[in-house]
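Beneath this line is the structure, given in structure tokens, with notes to follow.
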Amino acid sequence: MYLTRFAALAATLLAPAMAVAGDLRADANAVFKPIDAASVASVVKNNEITPAKIDLGAKLFFDPRLSKSQIISCNSCHNLGTGGVDAGPTSIGHGWAKGPRRAPTVLNAVFNVAQFWDGRAVDLKAQAKGPVQADVEMNNTPAQVEKMLNSMPAYVAEFKAAFPADPKPVSFDNMAKAIEAFEATLTTPNAPFDKFLKGDVNALNDVEKKGLRLFIDKGCAACHGGVNIGGNGYFPFGVAQKPGVEIMPVADKGRSKVTNDVADDFVFRSAPLRNVALRAPYFHTGSVWTLEEAVDLMAKDQLGENLSDPDIKAIVAFLGTLNGDQPKAIYPVLPPRTKDTPLPQ
Ligand code: HEM
Ligand code: HEM
């Protein structure tokens, strides 16, 4: 059944691209959505977003004391000054350990169907508990984090204000909820592409429009659609041909580790492409350093197409129109430690 599913997908994607003429803006609006205020409200579940939670979440996001060494914060690997990612290729965490995967961006992550390259966390609050405990990331324990937070009266007061109805406001779960609330603010609206979708036909120049047309007609949009121009579904990496092992090592089988289904071997979530020009290197191994090479590889490996240089350049120009207003990141002043605060280890 899965084979049939993938065979059908491959047939659709590998069919000769039909040059569809017509209204580019209408065609784009059929597959993509702009970021607007309503988009965030509709995607965060079971966690009311309040100003108190957002403020607390910002502090937690920037606080290195969530890590065992107390030198690694979420921002170390998801730097808001560099598109929500680290320098790459894959992340460096606790004890200088090199993780197996590239850090995906936290910008607009709220729009993804699920979190991580393999979608193993259902949402941002489920996700946030992972890195704090992962040995190659922050290597901490929930008990130690709660002890750390309880040791600082300013944090205790902020948790009470953010979770007023909760009998135990300072908790690992509430830490994750506050971080989710902050991350829900990390959206990048007003990209030239959003303006185009909303009606400003001059927001894209001719080369960018050509790139958009190619992106739709060649079949990229079949996997990279919706509000985040990707991040909305799972697809085999290597529909037409398998990428080399330096790009897709055999040890990381992707989604099958989540579903326990061999049909999902080497299936990954399609990468969300908003702000993609700001955050090389690319793919889950961070092994490709230019967008031109990434587009060329996608065309060959996902679509079985050899794109011409001008076509690659046009698609790259279009991808550049996905850069939106970057969130204003004001580094928060963090609560001072007390004599009860655990020491770095
Ligand atoms: C994945 C947030 C700490 C490295 C993610 C994702 C989010 C996120 C939202 C999923 C994004 C997506 O799937 O599009 C956070 C938060 C952190 C934190 C809130 C602090 C609590 C870190 C640290 C590192 C790191 C310290 C590096 C040492 C990564 C990597 C992935 C990831 C490598 C992808 C892992 C995979 O797909 O298996 N993080 N992160 N993160 N983060 Fe973080
Ligand atoms: C990743 C662009 C077609 C599925 C990417 C990335 C780019 C890109 C730039 C890397 C983003 C990053 O690392 O942050 C394109 C373009 C396409 C195209 C320009 C058309 C020429 C497709 C198609 C599919 C697909 C047709 C589905 C069959 C994926 C997946 C990833 C990805 C699963 C993540 C791969 C990984 O695990 O590293 N795409 N794409 N793409 N794309 Fe595409």
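Read the numbers this way: they start at 1 and go in the same order the structure lists the ligands and their atoms.
When non-hydrogen atoms are compared, ligand 1 lies under 4.0 Å from the backbone of Ser73 (N, CA, C, O) but not from its side chain. Heavy atoms of Leu66 found under 4.0 angstrom from ligand 1: none, in either backbone or side chain. Proximity of Leu303 to ligand 2, defined as any heavy-atom pair under 4.0 Å, is confined to the side chain (atoms from C-beta onward).
Under the ring-ring contact (aromatic ring centres under 6.0 Å, His included) criterion, Phe283 pairs with Phe237, sequence neighbours left out. With sequence neighbours excluded, the residues satisfying side chain to side chain donor-acceptor pair (under 3.5 Å) with Ser151 are Thr341.
Seen from atom 43 (Fe) of ligand 2, atom NE2 of His224 and atom SD of Met298 lie 170° apart in angle, a value rounded to 10°.
Listed by number with element, the atoms of ligand 2 under 4.0 angstrom from any heavy atom of Leu273 are 2 (C), 6 (C), 7 (C), 8 (C), 9 (C), 11 (C). Listed by atom number, the atoms of ligand 2 under 4.0 Å from Val239 heavy atoms are 28 (C). Set against the non-hydrogen atoms of Ile315, the atoms of ligand 2 under 4.0 Å away are 19 (C). Within the listing of ligand 1, atoms 9 (C) sit less than 4.0 angstrom from a heavy atom of Leu124. Under a 4.0 Å criterion applied to the non-hydrogen atoms of His284, ligand 2 contributes the atoms 36 (C), 37 (O), 38 (O).
One option in Ala271, Pro272, Ala280 has a heavy atom closer to atom 31 (C) of ligand 2 than any other, and that option is Ala271. Nearest-residue assignment for atom 26 (C) of ligand 2 (options Cys223, Ser270, Gly88; heavy-atom criterion): Cys223. Of the listed options Tyr282, Phe237, Trp117, Phe283, Phe283 places a heavy atom closest to atom 6 (C) of ligand 2. When the options Ala222, Ala294, Gly238, Cys220 are ranked by their closest heavy atom to atom 3 (C) of ligand 2, first place goes to Cys220. Comparing heavy-atom distances from atom 33 (C) of ligand 1 across Lys98, Arg101, Lys257 singles out Arg101 as nearest.
Nearest approach of Arg274 to Ile229, heavy atoms of both residues: CG-CG1, 4.0 Å. Smallest separation of non-hydrogen atoms from Phe61 and Ser73: O-CB, 3.6 Å. Nearest heavy atoms, Leu303 versus Ala240: C-CB, 4.2 Å.
For the pair Arg279 and ligand 2, the shortest N or O to N or O distance falls below 3.5 Å. Looking at ligand 1, you'll find an N or O of Arg120 within less than 3.5 Å of one of its N or O atoms. For ligand 1, none of its N or O atoms has an N or O atom of Asp118 under 3.5 Å away.
Side-chain contact annotation: Asn275 with Gln326, donor-acceptor N/O pair under 3.5 Å present. Between the side chains of Asn75 and Tyr331, not a single donor N or O lies within less than 3.5 Å of an accepting N or O.
Taking a 4.0 Å cut-off on heavy atoms, Arg269 registers as neighbouring ligand 2. The closest approach between Phe215 and ligand 2 falls below 4.0 Å for a heavy atom of the residue.
Closest to atom 13 (O) of ligand 1 among all protein heavy atoms lies Phe116 N, 2.6 Å.
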Distance-only check: which donor-acceptor pairs under 3.5 Å involve side-chain atoms of residues 308-322, not counting sequence neighbours?
{"from": "Ser308", "atom 1": "OG", "to": "Asp311", "atom 2": "N", "distance (Å)": "3.2"}
{"from": "Asp311", "atom 1": "OD1", "to": "Lys210", "atom 2": "NZ", "distance (Å)": "3.2"}
{"from": "Thr321", "atom 1": "OG1", "to": "Phe318", "atom 2": "O", "distance (Å)": "2.6"}

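Of all protein N, O or S atoms, those under 2.8 Å from atom 43 (Fe) of ligand 1 number 1.
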